[in-house]
Amino acid sequence: MKKRNKLKILNDPIYGFITIPNELIFDLIEHKYFQRLRRISQMGLSYLVYPGAHHTRFHHALGCMHLMQKAVRVLRFKGIVISEEEEEALYAAILLHDIGHGPFSHAMEHSIVNEVNHESISLRLMEKINEEFNGSLTLAIQIFKGEYHRDFLHQLISGQLDMDRLDYLKRDSFYTGVAEGNINSERLITMLTVVNDALVVEEKGIYSVEKFLLARRLMYWQVYLHKTSIVAENLLIRVLQRAKELVEKGEKLNASEALSFFLKNKITSKNFSSAVLETFSKLDDYDIISAMKEWSNEDDFVLRKLSSMIIDRDLLKIKVKNKPFLKSKKENHLKKLREKYKISDEESHYFIFEGSISNQAYHLNKQNINILYKSKKIIDIVKATDQFNLEALSKPVTKYFMCYPKYKH
């Protein structure tokens, strides 16, 4: 048998060439669980707002790994010892950090799977791959869980200035065309160093950190919490909830085998067995899209209407305010809808609903971003900056929304 060359080079529109550092990483990328990420969009239904936002979690994971390679080079150059085992574990952990995401990112977690979040599914998939790979991911899993004694390694994967954020802000800004999110991730990485096993940013990187936090805030309001994306995601959650409700009542709905399984069964963290995990790993965006195409011809008014709203991008209207809506506002909409379509009170709640969105670019006291001064003093970014609005960025801002149908005369 001819030996395959596993040290491939990939071309990325943002960083140029990305190299696969070793054979383990190559084999992880080849694994079917990882290949599934090609069929999971990074930004859910945001492409209904930003037509370019069709990039996938596969893209993003490779970008994170590329940035992690840079981070390891920079830290070693500054004299921080990172062993080969630790290096490989970092690459594996960052590559697989999102492997448990369901179709359209978060919609699954709120509709057909109960109390099981994507982080815990990621961990289960990593443990499954670890068995197949004879334990070669054990250290990666330890670091991923934050159980390894060198804290900064975990911070590089999951902190307030981690490779995940450095990649998705830059990548999402590139694919949406929203320039405000375009951070200089390379410069930020170049400014990183480690003191007492914790990640810090050198003093001259302070402005890059300010720009990063500001970019994060703007991307949340302008992209991730864009009101049309909020409507679309909420509709998708309701499509899945309605489908599950109908299937529980004994109705037959056309759907792929994997999706049918989750519609028929009540899945919680307690019964999330390895067989369930295997079925979950077969689910992706395509299952949901093709199901909605079928369901937009269903007899059930609610399922048919909700599905066609997403497929045809004829969404609900949304109002966003700084304070909660009056109860009477919702009641009026419900009454109007019931009269127009002769539907029940319960059914009308699928089309008229409220919620809130919150944006906090920086969390104080949660693995802070610390600035290292030449005098060796270490100060939190909020105290270190002369930008008074950074303190404002560390307070959550909440807005309230209400969705309701467009009434065509």
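Counting non-hydrogen atoms of neighbouring residues, nucleotides and ligands closer than 6.0 angstrom, the NZ atom of Lys330 exceeds 12 such neighbours. For Lys211, the NZ atom counts as densely surrounded, since its 6.0 Å shell holds more than 12 non-hydrogen atoms of other residues, nucleotides or ligands. Around NZ of Lys305, the count of heavy atoms belonging to other residues, nucleotides or ligands within 6.0 Å does not exceed 12. Within a 6.0 Å radius of CZ in Phe325, other residues, nucleotides and ligands contribute more than 12 heavy atoms. Under a cut-off of 6.0 angstrom, the local environment of NZ in Lys319 is sparse, with at most 12 non-hydrogen atoms contributed by other residues, nucleotides or ligands. The environment of Asp312 atom CG is dense: over 12 non-hydrogen atoms of other residues, nucleotides or ligands sit within 6.0 angstrom. The environment of Asn11 atom CG is dense: over 12 non-hydrogen atoms of other residues, nucleotides or ligands sit within 6.0 angstrom.
Atom CG of Asp151 and atom CG of Asn196 lie 11.0 Å apart (nearest 0.5 Å). Summarising the geometry, atom CD1 belonging to Ile20 is positioned 8.0 Å from atom NZ belonging to Lys8; distances are rounded to the nearest 0.5 Å. Here OG of Ser260 is found 10.0 Å from NZ of Lys252. Values are rounded to the nearest 0.5 Å. With values rounded to the nearest 0.5 angstrom, Leu62 atom CG is found 5.5 Å from Ile18 atom CD1. For the atom pair CG (Asn130) and OG1 (Thr138), the distance works out to 4.0 Å, reported to the nearest 0.5 Å. Taking CZ of Arg313 as the reference point, atom OG1 of Thr228 lies at 6.0 Å (rounded to 0.5 Å).
A donor atom on one side chain and an acceptor atom on the other are found under 3.5 Å apart for Arg216 and Tyr168. Tyr33 and Glu278 share a donor-acceptor pair across their side chains, judged by distance under 3.5 Å alone. Side chains of Asp314 and Ser308: a donor-acceptor N/O pair is absent below 3.5 angstrom, by distance only. Between the side chains of Asp172 and Tyr224, at least one donor N or O sits under 3.5 Å from an acceptor N or O. Checking Asn332 against Tyr404 by side-chain atom types alone, no donor-acceptor pair falls below 3.5 Å. A donor-acceptor contact closer than 3.5 angstrom is absent between the side chains of Gln241 and Arg238. In the model, Asn322 has no side-chain atom that pairs as donor or acceptor with a side-chain atom of Lys399 under 3.5 Å.
Between Leu75 and Leu156, some side-chain heavy-atom pair lies under the 4.5 Å cut-off. Here the side chains of Leu213 and Ile369 are in contact, with some heavy-atom distance below 4.5 Å. Counting heavy atoms from C-beta on, the side chains of Ile29 and Gln35 come closer than 4.5 Å. A heavy-atom distance below 4.5 Å is not found between the side chains of Thr279 and Val276. Considering only heavy atoms from C-beta on, Ile129 stays 4.5 Å or farther from Met126 through its side chain. At least one side-chain heavy atom of Lys244 sits under 4.5 Å from a side-chain heavy atom of Leu263. Two residues are said to be in side-chain contact when any heavy atoms from C-beta on lie closer than 4.5 Å; Phe212 and Leu166 meet this criterion. Here the side chains of Cys64 and Leu67 are not in contact, with every heavy-atom distance at 4.5 Å or above.
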Step-by-step salt bridge (charged side-chain N to carboxylate O under 4.0 Å, His left out) determination, Lys329 to Glu354: CA-CA 11 Å; Lys329 202 114 187 116; Glu354 298 167 278; over 6 Å; no
Report the C-alpha separation of Asp167 and Ser185 in whole Å, then their side-chain angles, then the decisive distance to 0.1 Å, and conclude whether the side-chain hydrogen bond (donor to acceptor under 3.5 Å, both in side chains) test is met. CA-CA 7 Å; Asp167 181 79; Ser185 38; over 6 Å; no
Apply side chain to side chain contact (heavy atoms under 4.5 Å, CB included) to residues Phe280 and Ile267 and explain how you reach the verdict. CA-CA 11 Å; Phe280 178 87; Ile267 300 298; over 6 Å; no
Quick one: do Lys335 and Glu331 satisfy salt bridge (charged side-chain N to carboxylate O under 4.0 Å, His left out)? Show the steps, please. CA-CA 6 Å; Lys335 192 165 167 266; Glu331 291 304 327; over 6 Å; no
Check step by step if side chain to side chain contact (heavy atoms under 4.5 Å, CB included) holds for Thr398 and Ile357. CA-CA 6 Å; Thr398 303; Ile357 46 181; over 6 Å; no
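Between Lys282 and Glu257 there is no salt bridge, since no side-chain nitrogen of the basic residue lies less than 4.0 Å from a carboxylate oxygen of the acidic one. A salt bridge does not link Glu251 to Lys249: none of the charged nitrogens lies less than 4.0 Å from a carboxylate oxygen. Ion pairing between a basic and an acidic side chain is recognised when a charged N comes within 4.0 Å of a carboxylate O; Glu132 and Lys128 show no such pairing. With salt bridges taken as basic N to acidic carboxylate O contacts below 4.0 Å, none links Arg39 and Asp287. A salt bridge links Glu347 to Arg242: at least one charged side-chain nitrogen sits closer than 4.0 Å to a carboxylate oxygen.
Here the closest non-hydrogen pair linking Leu199 and Phe152 is N-CB, 3.9 Å. The two residues Pro103 and Asp285 make their nearest non-hydrogen contact at CA-OD1, 3.3 Å. When all heavy atoms are compared, the tightest approach of Leu28 to Ala92 is CD1-CB, 3.8 Å. When all heavy atoms of Asn234 and Phe353 are compared, the closest pair comes out as CB-CE1, 3.5 Å. Of all non-hydrogen atoms in Leu259 and Ile288, the two that sit nearest each other are CD1-CD1, 4.0 Å.
Ring geometry for Tyr175 against His59 counts as tilted: the plane angle lies between 30° and 60°, on a 0 to 90° scale. Between Phe272 and Phe262, the ring planes lie tilted relative to each other; the angle falls in the 30° to 60° range.
For the ring-ring contact (aromatic ring centres under 6.0 Å, His included) criterion with His60, the lone passing option out of His66, His55, His97 is His97.
When atom types are taken as modelled, the side chain of Asn271 and the backbone of Lys266 share a donor-acceptor pair closer than 3.5 angstrom. The closest donor-acceptor contact from the side chain of Asp284 to the backbone of Ile40 lies at 3.5 Å or more, if one exists at all. Although no hydrogens or angles enter the test, the distance criterion places a donor-acceptor pair under 3.5 Å between the side chain of Asp162 and the main chain of Gly159.
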